[in-house]
Amino acid sequence: AQSVSQHNHHVILSEAASLELGCNYSYGGTVNLFWYVQYPGQHLQLLLKYFSGDPLVKGIKGFEAEFIKSKFSFNLRKPSVQWSDTAEYFCAVIMNRDDKIIFGKGTRLHILP
Amino acid sequence: EPEVTQTPSHQVTQMGQEVILRCVPISNHLYFYWYRQILGQKVEFLVSFYNNEISEKSEIFDDQFSVERPDGSNFTLKIRSTKLEDSAMYFCASSDGLAGVETQYFGPGTRLLVL
């Protein structure tokens, strides 16, 4: 079945640490890939997206993600996190230009000041 | 920046009651969606809506659910007879193109609690 897996459910880091959140999907065809963030008490916001072209995509707030087709992965990275990055992060995929987004379970990121 | 808005932010209802969750999509968007997130689980697609009809729905979206665009601005999700397992956060989203082409923008959600 088509699915999206996020390996880490909870991540705790200190400020200035580097971040990498894993995301894998199970589908062999065309995909559009997203990372959404949900800050406490707020709605889902798009961090970045990949539709085609350069597999290294840069998003808002210093985040980037790399699409590695051979590994079916789209990991999110940030070289130096801030306390304000505390939030829940969702990897999401649209498969074969379908109409619906399939979300991962989310990773809750907590940054220690 | 335009936003998707949802009302109410929280709703508590008795099992068996009808609820209507309201959404105001971004004004020039044509595609509308409902998702839900049961506590501790992932966000799940419910239904997509375009040109005044459902374009796709998931297995979750059974006969108890319906969607409507009653006027030019609102997009509603009705649950006819709520069950305990309908307790979840419900997110509305909209886009100005097909999901495979354009970004979906999400509302803040309505937290529904069925007692």
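We name chains A, B, ... by the order of the sequence lines, and we start the count at 1 in each one. On a predicted model such as this, the values are computed, not experimentally measured, just so you know.
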- Message: Would you compute the distance between atom NZ of B:Lys42 and atom OG of A:Ser5 and round it to the nearest 0.5 angstrom?
- Response: 7.5 Å
- Message: Could you check whether atom CZ of B:Arg69 has more than 12 heavy atoms from other residues, nucleotides or ligands sitting under 6.0 Å from it?
- Response: yes
- Message: Could you see if A:Tyr89 belongs to whatever hydrophobic cluster contains A:Leu13? Use Ile, Leu, Val, Met, Phe, Trp, Tyr and a side-chain cutoff under 4.5 Å.
- Response: yes
- Message: For A:Gln38, which atoms come within 4.5 Å of any heavy atom of chain B: side chain, backbone, both, or neither?
- Response: side chain
- Answer yes or no: does atom CG of B:Asp62 have more than 12 heavy-atom neighbours from other residues, nucleotides or ligands under 6.0 Å? yes
- Give a yes or no on whether B:Glu85 atom CD has more than 12 heavy-atom contacts from other residues, nucleotides or ligands under 6.0 Å away. yes
- Item | Sub-4.5 Å side-chain heavy-atom contact between A:Phe103 and B:Gln41 | no
- Message: Would you compute the distance between atom CD of B:Gln104 and atom CG of A:Leu44 and round it to the nearest 0.5 angstrom?
- Response: 10.5 Å
- Message: Which heavy atom of B:Glu56 sits nearest to which heavy atom of A:Lys100, and what is that distance?
- Response: OE2-NZ, 2.8 Å
- Item | Proximal component of B:Glu44, with respect to chain A [non-hydrogen, under 4.5 Å] | neither
- Message: With a sphere of 6.0 Å drawn around NZ of B:Lys83, does it hold more than 12 non-hydrogen atoms of other residues, nucleotides or ligands?
- Response: yes
- What do you reckon, is CD1 of B:Ile38 surrounded by more than 12 foreign heavy atoms closer than 6.0 Å? yes
- Message: With a 6.0 Å cut-off (strictly less than), is the heavy-atom count around CD1 of A:Ile60, excluding the residue itself, greater than 12?
- Response: yes
- Note on the structure: If one checks every heavy atom of B:Phe91 against chain A at 4.5 Å, the contacting part turns out to be side chain
- Whatever's closer than 4.5 Å to a heavy atom in chain B on A:Leu46 counts as side chain
- Task: Could you look at B:Gln6 and say if it's the side chain, the backbone, both or neither that has a heavy atom under 4.5 Å from chain A?
- Result: neither
- Step-by-step side-chain contact (heavy atoms from CB on, under 4.5 Å) determination, B:Tyr35 to A:Ile101: CA-CA 9 Å; B:Tyr35 293 80; A:Ile101 296 177; 3.4 Å; yes
